[in-house]
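Structure first, commentary second.
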Protein chains: 2
Amino acid sequence: MSDSTAQVVPSYLRELNERRVLEILREQGPAHAAHIARLASLSRPTSAQVLRALVDVGLVEEQIPMSGDPGRAKSMFYAVSTLGAVLSVDIGARFIRASVGDVNGTQLATASHALTETTLASVIKTMHSVVDEVLAESKYTSKDILSFVVGSPGVVDREAGQIAIAGTISELEGVKLTELLEKEFGFKPVIENDVNLVAIAEQNFGAGKNVDTFAVLSVGSGIGAGLIINGQIHRGHRGAAGEIFYIPLTGADDIRHNTSDPSSGNIETFAASVAKNYPDSKLVSPYKTIEIFQAARDKDSLALAVVANVAMRIALYISTITSVIDVESVVLSGGIGRQSDVLLEEIRAVTANIVPYAPNIEVTQLGDNAVLLGASALGTKIAQNTVFARRSNAYSAARETADIAL
Amino acid sequence: MSDSTAQVVPSYLRELNERRVLEILREQGPAHAAHIARLASLSRPTSAQVLRALVDVGLVEEQIPMSGDPGRAKSMFYAVSTLGAVLSVDIGARFIRASVGDVNGTQLATASHALTETTLASVIKTMHSVVDEVLAESKYTSKDILSFVVGSPGVVDREAGQIAIAGTISELEGVKLTELLEKEFGFKPVIENDVNLVAIAEQNFGAGKNVDTFAVLSVGSGIGAGLIINGQIHRGHRGAAGEIFYIPLTGADDIRHNTSDPSSGNIETFAASVAKNYPDSKLVSPYKTIEIFQAARDKDSLALAVVANVAMRIALYISTITSVIDVESVVLSGGIGRQSDVLLEEIRAVTANIVPYAPNIEVTQLGDNAVLLGASALGTKIAQNTVFARRSNAYSAARETADIAL
DNA sequence: GGGATTTATTGTAAAGTATCCTAACGCAAG
DNA sequence: CTTGCGTTAGGATACTTTACAATAAATCCC
């Protein structure tokens, strides 16, 4: 409930109000002190004092004169910051992407390099080249980096700083990634599961903006979910929340889930297995997921059958997730999840047939950079906390780690 | 993150510290002011002041002299209260139970009356008789009731104050229960799903005491789960979290789940369907769940087969829940869930085979009154908030409703 | 229509209140 | 005599209310 160790002393009030004002400024956009006072339920003197403090630490900028509204000349305050940069990296199975943003979440540079082989050495090497590129383009240097967030597939063991169950890049498993990356890049990374970062991205910039409890269902070369529960990313006891691959939808003995898992390999297998029933199909073996979806748009019979099956499989996972935690909405993401046009209606129909309270089912609008966007959002939070902690006392330090939870 | 409307002013600090001290007193037991000061990271003067305030509102009692420990004679402070009573009712399919407790969670009177027919009229009538009995026994009167918590099967729509999807007592569905009970009993009830109350009970008194994230899996005449996520009961967007009956473990088309659901009717059906394979069994049709479990303890072949199947089915649900939210532990409850001795090993084994991170699987120790215990715990929180709100300002009122969420 | 006046609203200063802490002191038990 | 509790006093921090000066728009008036 309440933090157990932190001291509750007067200066904690100030910190609360500073955080609150900053959040308002970030969400509502620039405003002058009196306006902030009203939004934050503070008196004007306090609002002005808080803003001054935020300007002092560099989290807020002041633009001195202004005219327009009635009243005395007002300073406008912006939640912009030139304090430093937020570096984000997305370790994907085929590409490694990176971006540099400012503390306010604005992306300054983005790049994507192909990952030629899925070895650890190659991952590190590619990371260096992408990071170098975005840093150069952003005009920031390593010294300006306030936070460094790395999105990776697999289950992240936050305590040990390593990947416990690697997904697509098996060589990551068991590697002390935090240590390794700190040695390689010179600053300590925060490792986060990639789908969790997508969920954070959706919460901040996408379909989850005004939704308290939702799930991101990512379907691609694998399947996974990211959960936002009551506005907080939910990682679970060992960081394995959303590892829905393991749901025994085909009984206790089938640990491979080939007939329920909608990720790409299984789709191709399924297509091959039913192909003989659709002799008029123009698709030929070997079946490729992307081609199947393309053919479905052209009403190819085999493709339509496969796509319907994929939709049904996705609906199974959505139904399961919502039966457990009752989400308001589910956002589809990933290479297959994003093939909305041919899937969405069927997914909705099947889901509505299974559960009494079907969630809203939508498709992500965030594109390829969702992981990076989420990493930036998380990095911004971390950077903010660093700034607060830097000049602050026991409580904010204690709260900092708790807050990174968001 | 931070409450949006509440004002952050100095007196909020005091309230935080009062809540904190009260919680410590409740958890750690009686203590003198200096000890509390250390536990709460407060100075001795502040600790004494806070305690005095709590004594003033009646949430804490002071016992003046003491000898034994070194130092000056100390006042001991107890988190006991004679402020008023907490009334709890458990609407079950076969019994309606009620209890009266004090604000500190101590049960003063408990009773259980059989529900002869599952009509709404009968439910109300039986509730009246049980409530009258416990009130009389507790020596409290209606006027002393600070909170009134009612546990009911089904999905509770908290906004409308009604049961949206009634489980075993179908006549409850769609009834404006809050309104109705307020008219019948004279004070406003808080309706809560019964399994959620069991989860709250486990959190406060049972296997969930030091566990942040866990699930209660209740298996009896139906199946349902209650979730504690990060120390908070999770109800879901429409209050339907934990309605795991709907998980499509047998495919999208089977909406009856007879072959995966381990609740009692299905067990009996399953027993009948495999009986012919176990000619040496002493069990005879019609098969009753309780008899089957009893026979399993005597190593009856059919009973063992059935029990193994039930264990497997339960493991499916546990695996599903933990795949989605990654719980630290699962507490089995309900008429069947509590038949631990013959199930637990098998459930653990099957679960470990399905998911990489199996949770601890335990059996409830709370007995028949778990729902009432949870209702009391919730009622205590509500009553406390009422007391805080009564003499307090905007923020605590605003926070009160938020806190009832716990 | 143009200039003066009113109105609205901002920012800041001063005073008051609430909270917490530290320091110091008295007191009692071992 | 030492230890540790409770209390009082003084000082620091933070928030509010009240009051006032500054200024731009709106209004009024001739």
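In what follows, chains carry the letters A, B, and so on, assigned in the order in which the sequence lines appear, proteins first and then strands, with residues in each chain numbered from 1. Every value quoted in this text rests on a predicted model; they were computed, and no experiment measured them.
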Of the listed nucleotides (D:dG6, C:dC21, C:dT10), which one gets closest to any side-chain atom of A:His32?
C:dT10
A:Arg26: which residues meet the salt bridge (Lys or Arg N to Asp or Glu O under 4.0 Å) condition with it, sequence neighbours left out?
none
Distance, nearest 0.5 Å, that separates CG of A:Asn385 from CG of A:Leu146
11.5 Å
Does any N or O in the side chain of A:Ser147 come within less than 3.5 Å of the main-chain N or O of A:Gly379, such that one atom is a donor and the other an acceptor?
yes
Examine C:dC21: is either OP1 or OP2 under 4.0 Å from a nitrogen or oxygen in the side chain of B:Thr46? Give yes or no.
yes
Could you say whether A:Val50 or B:Arg38 is positioned toward the 5' end of DNA chain D, judged by the nucleotide with the nearest heavy atom to each?
B:Arg38
Which value, rounded to the nearest 0.5 Å, describes the distance between B:Glu202 atom CD and B:Ile228 atom CD1?
9.5 Å
Just how far, in rounded Å, is P of D:dA14 from CG of A:Leu54?
13 Å
Tell me: CE of A:Met76 to P of C:dG11, nearest whole Å?
10 Å
What does B:Arg44 touch in the nucleic acid at a heavy-atom separation under 4.0 angstrom: a base, only the sugar-phosphate, or nothing?
base
Rounded to whole Å, CG of B:Leu51 lies from C1' of D:dC5 at a distance of 13 Å
Ignoring the backbone of B:Val9, work out which of D:dT16, D:dA14, C:dA18 is nearest its side chain.
D:dT16
A:Ala34 has a side chain; which of C:dC20, C:dT10, D:dG6 sits nearest to it?
C:dT10
Report the distance from atom CD of A:Glu15 to atom P of D:dC15, rounded to the nearest whole Å.
12 Å
Crowded around B:Gln365 CD? As in, over 12 foreign heavy atoms under 6.0 Å?
no
Whole angstrom value for the distance that separates P of C:dC20 from CG of A:Leu13
9 Å
Taking atom C1' of D:dC15 as reference, at what distance in whole Å does atom CG of A:Asn17 sit?
8 Å
Among D:dC15, D:dT7, C:dT12, the one nearest any side-chain atom of B:Ala48 is D:dT7
Closest of D:dT13, C:dA13, D:dA19 to the A:Pro45 side chain is C:dA13
Please state how far atom OH in A:Tyr12 lies from atom C1' in C:dA18, giving the value in whole angstrom units.
18 Å
Among C:dA18, C:dC20, D:dT16, which nucleotide has an atom closest to any side-chain atom of B:Arg14?
C:dC20
Measure from CD on A:Glu62 to P on C:dT10 and round the result to the nearest Å.
16 Å
